[in-house]
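In what follows, a structure is listed as structure tokens, so that the remarks can point back to it.
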Amino acid sequence: MFKRMKEDIEVVFEQDPAARSYLEVILTYSGLHAIWAHHIAHALFKRKLFFFARAISQISRFFTGIEIHPGAKIGRRFFIDHGMGVVIGETCEIGDNVTVFQGVTLGGTGKEKGKRHPTIKDNALIATGAKVLGSITIGENSKVGAGSVVLHEVPPNSTVVGIPGRVKVQDGVKISKDLNHCDLPDPIADRFKEMENELAALKSEIESLRKERSQVNDHSYL
């Protein structure tokens, strides 16, 4: 247990440049607190002490803003950055070295029974505000862009962005060398750019119509 806790602390220093001391990390990092609480809740859940498991998870949710169902299976070196608003469902399975940012939902669609939450493979990254829904798999080394909504399987070594999420990069063509979600494409910004271009085209067309109308009026006076 203590070896696992030490490993959880070390991954914070590796992933977060703002981490300054062990005391600071142990006392103030809500993502770390949520993971430690889950270790206890999950152990109780496996022993069929469901009420106590759920009670611990809800107390953790109250203090951290992170909701992890005690039935979720989480691998080693899992890192939750900031964490507020993170939701992880009961049948979710998370591999090793996975990073999740604030506002992420690993949830169900409400239509499934049994395995109804996603499986996140090793070394994946789920960026801020992303929603991964249903019994789907996010492949090894894959990245889900900020604000994306993923409803289908994601192959290994892929980058997914958009609503609904679509694979934009796979096997070889890398957006960034590291798993930095800030370097991923921004589908919302892209859409705003498209709207700006459409407005510019409409303005140009309106101006052209005004000129034609002005010329017609000038000819009518003659």
Exercise. Under the side-chain contact (heavy atoms from CB on, under 4.5 Å) test, which residues partner His39, sequence neighbours left out?
Worked result: Arg4, Asp8, Ile35, Trp36
Problem set entry | Residues which pass side-chain contact (heavy atoms from CB on, under 4.5 Å) with Thr119, listed by chain and number, not counting sequence neighbours | Glu93, Lys115, Lys121, Thr137
Seminar exercise, completed: Of Asp96, Asn157, Thr99, Asn141, the one forming a side chain to side chain contact (heavy atoms under 4.5 Å, CB included) with Asn123 is Asn141
Between [X] and [Y] (side chain of the first, backbone of the second, donor and acceptor by atom type, cut-off under 3.5 Å), is there such a pair?
{"X": "His42", "Y": "Ala72", "result": "yes"}
{"X": "Thr64", "Y": "Ile66", "result": "yes"}
{"X": "Ser204", "Y": "Ala200", "result": "no"}
{"X": "Glu205", "Y": "Ala201", "result": "no"}
{"X": "Ser57", "Y": "Ala55", "result": "no"}
{"X": "Thr105", "Y": "Val86", "result": "no"}

Surrounding [atom1] of [X] (heavy atoms of other residues, nucleotides or ligands, distance under 6.0 Å), is the total greater than 12?
{"X": "Met5", "atom1": "CE", "answer": "yes"}
{"X": "Glu207", "atom1": "CD", "answer": "yes"}
{"X": "Phe63", "atom1": "CZ", "answer": "no"}

Exercise. Can you name the residues that form a ring-ring contact (aromatic ring centres under 6.0 Å, His included) with Phe50, not counting sequence neighbours?
Worked result: Phe45
Exercise. With sequence neighbours left out, what residues match His33 under ring-ring contact (aromatic ring centres under 6.0 Å, His included)?
Worked result: none
For this session: Please round to the nearest 0.5 Å and tell me the distance separating atom CD of Glu67 and atom NE2 of His69.
Result: 8.5 Å
Exercise. From Leu106 CG over to Thr91 OG1, what is the distance, rounded to the nearest 0.5 angstrom?
Worked result: 10.5 Å
Exercise. Is there a donor-acceptor contact under 3.5 Å linking the side chains of Asn97 and Asp122?
Worked result: no
Exercise. Among all residues two or more places apart in sequence or in another chain, which pass the side chain to side chain donor-acceptor pair (under 3.5 Å) test with Arg116?
Worked result: Glu90
Problem set entry | Partner residues of Lys73 under the side chain to side chain donor-acceptor pair (under 3.5 Å) criterion, sequence neighbours left out | none
